[in-house]
Amino acid sequence: MPEYKAPIRDIKFVMQELLDCDQHYQGLGYEDASLDMVDAIISEAAKFTEQVIAPINQSGDAQGCTWKNGEVITPDGFKEAYQQYVEGGWPTLAQNINFGGQGLPHSLSTAINELFSSANHSFAMYPGLSHGALATIEAHGSKHQQEQFMPKLVEGSWTGTMCLTEPHCGTDLGMLRAKAELNDDGSYALTGTKIFISAGEHDLSENIVHIVIARIPGSPAGNKGISLFIVPKFNVTEAGEKSDRNAVTCGSIEHKMGINANATCVINFDGAKGYLIGEVNRGLNCMFTFMNAARLGVAIEGVAAAEASFQGALAYARDRLQMRSLSGPKNPDGPADPIIVHPDVRRMLLTQKSIAEGGRALTAYLSQLVDIGHASACKAEKENAEKQLALLTPIAKAFLTELGLECTSHGVQVFGGHGYIKEWGMEQLMRDTKISCIYEGTTGIQALDLLARKILGSKGEILKVFASDISKFCVENSKDVAMLEFIQPMMTFGADWQKITEIIAQKALKNPDEIGAASVDYLMYSGYLTLAYFWAKMARVAQQKLAEGSTEQAFYQAKITTARFYFQRILPRAVGHAACLNNGAESMMALAEDEFCF
Ligand SMILES: Cc1cc2nc3c(=O)[nH]c(=O)nc-3n(C[C@H](O)[C@H](O)[C@H](O)COP(=O)(O)OP(=O)(O)OC[C@H]3O[C@@H](n4cnc5c(N)ncnc54)[C@H](O)[C@@H]3O)c2cc1C
């Protein structure tokens, strides 16, 4: 298993040098988030993830979770590690001080989430779901519900889940069958079966708070008749203490491709007591709070997978001796050269590096927007942040998870046959990260959300905010010769982004299938351009640091070289996506269903 090392230097580069987190935090009134405090928290998180969480990653995968009579036992070491996680105060970091949180910025906890996910995807999901449950109760729960459920969730002694999926409906939640009937005391009795519930049952926490969607009898069919409920595994007293067992049971756990140490559960509700959150039939709207938080979390999983795989592949490529360099021996005293001399191995390593570092910058930027949404006193600034988040969240979720998966495949490939063998841990990264392209809305669904709902739904308005940031950056740097290699392609790709959008909008007027046929290519095009923008900005910072005579010449030079690689070898993929989507829906839709196979 590759030894995980938290990429502290790069996290600091992104947070402090690229995004000036100090000014950002002080401007939003996060007085406790001084640079010293940020540094200390990141260093502690690095130690904890390297020394406690990473060592149980491979053993957790091999052992998996076990189900016995409705109870789920997590793999050896998980319970102790979770206890340490709680004792270290990690769940409380960015939570509301009124409920026992430390009130630190969301973006700081997001940066740390990457470390947890790289170290151990399965472990990171247990507290990850609690964050979403907390965000939902905080945004939509009553004051009483907040007081009853939040303190223990914040503390980490209870964990949360998100219960949406049913056997016959995942994407199309409007078809759900779980029902919620009003009790005499104002609570509801929930009945139904949810499947694929991450962390739905386990032995890490004292109680599990399920956030469940269900239909109240008599509600309209489809999405407009869905309500949202809090359903605890153990009932909770008025004072917020655990009491008797609720009628919620775990019917079984799934045996899966990856994240074997995270329990994926069938959860049965047999008249379980639940409490309505928000208004009747507005459940999906409330659920979007959970889903948006979770989507950014899943985007970070893509970055985390790329980083972990890159670390393993780089160490191996420097060590493994095979063949000689095409341009003459580089290790003349050895029997062969290390494989890092070979251009194709470098292609894979640099792809991983450019996606991990570029994705880190994009997700850090998005989490700063979330901070602004939470804490800014300026209405215009908040609105701008919300628009950018609406546009960039589906891009980050789908693009970074697809590219994260690609990077883990490169990781296996760099190891050759050894990558395919379990012992090295590279295939586990690939198996574990595939789910990130599926849950929280598949890539196809994110692409439809981006193109149909957000871009075309706003008649292109939503694109303008971010596109104008790109144009502004291009104009500001257009006279700088050293930046031209980045600015010129970005201007071309940026202008084409607008043109492509207009073409699809025109075609969609005649044939709505054109939207679905274009959507994933459109999302990938948008992703490649978005990451190009962040790489150009990082190159700019690196150039400035070099010009100021920084002592870290190698670090900043590597940033510029990686930016160049991204622009020369990754960004051109967007041209292919543009060509595909410009070719339209016809060839995709021409075959009748019974003509697919003869
Ligand atoms: C390990 C794991 C953990 C999970 N954790 C949770 C959890 O904690 N809570 C929870 O509620 N759920 C969870 N899920 C469920 C997950 O969110 C769903 O599997 C996912 O949303 C897809 O739903 P589905 O499996 O029903 O696929 P379907 O909805 O049947 O989709 C199948 C395929 O059809 C495509 N498709 C469907 N509709 C369209 C359309 N309109 N346009 C284009 N393509 C379309 C999809 O993109 C997909 O490729 C988890 C699943 C797994 C495997």
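Bear in mind that the values here come from a model prediction, so they are computed numbers and not experimental data. As the structure lists them, so they are numbered: ligands from 1, and atoms in each ligand from 1.
At a distance under 4.0 Å, a protein heavy atom can be found next to atom 12 (N) of ligand 1. Distances from atom 30 (O) of ligand 1 to the protein include no heavy-atom value under 4.0 Å. Remark: atom 4 (C) of ligand 1 lies closer than 4.0 Å to at least one protein heavy atom. Distance remark: protein heavy atom present below 4.0 angstrom from atom 53 (C) of ligand 1.
Less than 4.0 angstrom separates some heavy atom of Thr171 from each of these atoms of ligand 1: 23 (O), 28 (P), 29 (O), 31 (O), 37 (C), 38 (N). Residue Gly170 approaches ligand 1 through these ligand atoms, each under 4.0 Å from one of its heavy atoms: 23 (O), 24 (P), 26 (O). For ligand 1, the atoms closer than 4.0 angstrom to any heavy atom of Ile259 are 1 (C). Every atom of ligand 1 with a heavy atom of Ile435 under 4.0 Å away is listed here by number and element: 1 (C), 2 (C), 52 (C), 53 (C).
Salt-bridge formation is detected for the pair Glu406/Arg573: a Lys NZ or Arg NE/NH1/NH2 atom is positioned less than 4.0 Å from an Asp or Glu carboxylate oxygen. Using a 4.0 Å cut-off between a side-chain N of Lys or Arg and a carboxylate O of Asp or Glu, Glu461 and Lys387 do not qualify as a salt bridge. Salt bridge absent: Arg177 and Glu166 never bring a charged side-chain N and a carboxylate O closer than 4.0 Å.
For atom 8 (O) of ligand 1, the closest heavy atom belonging to the protein is Ser198 N, 3.0 Å. Remark: minimum distance from atom 20 (C) of ligand 1 to any protein heavy atom is reached at Ile438 O, 3.9 Å. The nearest protein atom to atom 43 (C) of ligand 1, hydrogens excluded, is given as Leu448 CD1, 4.2 Å; this is a heavy-atom distance. Nearest to atom 9 (N) of ligand 1 among the protein's heavy atoms is Met162 O, 2.7 Å. With hydrogens left out, the protein atom closest to atom 25 (O) of ligand 1 is Phe196 CE1, 4.2 Å, a heavy atom. Protein heavy atom closest to atom 45 (C) of ligand 1, with residue, atom name and distance, is Ile445 CD1, 3.9 Å. At the shortest separation from atom 48 (C) of ligand 1 among protein heavy atoms lies Thr442 CG2, 4.0 Å.
Here CD1 of Ile195 is found 8.5 Å from SG of Cys169. Values are rounded to the nearest 0.5 Å. Note: Ile208 CD1 to Asn246 CG = 12.0 Å, rounded to the nearest 0.5 Å.
Under 4.0 angstrom from ligand 1, the non-hydrogen atoms of Thr165 come from both its backbone and its side chain. Contact annotation for Thr443 and ligand 1: no heavy atom of the residue comes within less than 4.0 Å of the ligand.
A donor-acceptor pair under 3.5 Å links the side-chain atoms of Asn582 to the main chain of Ala578, judged by distance alone. Remark: side-chain polar atoms of Thr433 are not paired, donor with acceptor, to backbone N or O of Leu429 under 3.5 angstrom. Judged purely by atom type and a 3.5 angstrom limit, Gln352 uses its side chain to pair as donor or acceptor with the backbone of Cys407.
Between the side chains of Glu307 and Gln311, at least one donor N or O lies within less than 3.5 Å of an accepting N or O. Side-chain contact of His202 with Thr159: a donor-acceptor pair under 3.5 Å is present, judged by distance alone. In summary, the side chains of Lys256 and Thr264 do present a donor paired with an acceptor at a separation below 3.5 Å, with no hydrogens or angles considered. Side-chain atoms of Ser436 and Glu301 form a donor-acceptor pair, as typed in the model, at a separation below 3.5 Å.
Polar contact check, Ile195 against ligand 1: no nitrogen or oxygen pair lies under 3.5 Å apart. An N or O contact shorter than 3.5 Å is missing between Tyr439 and ligand 1 by distance.
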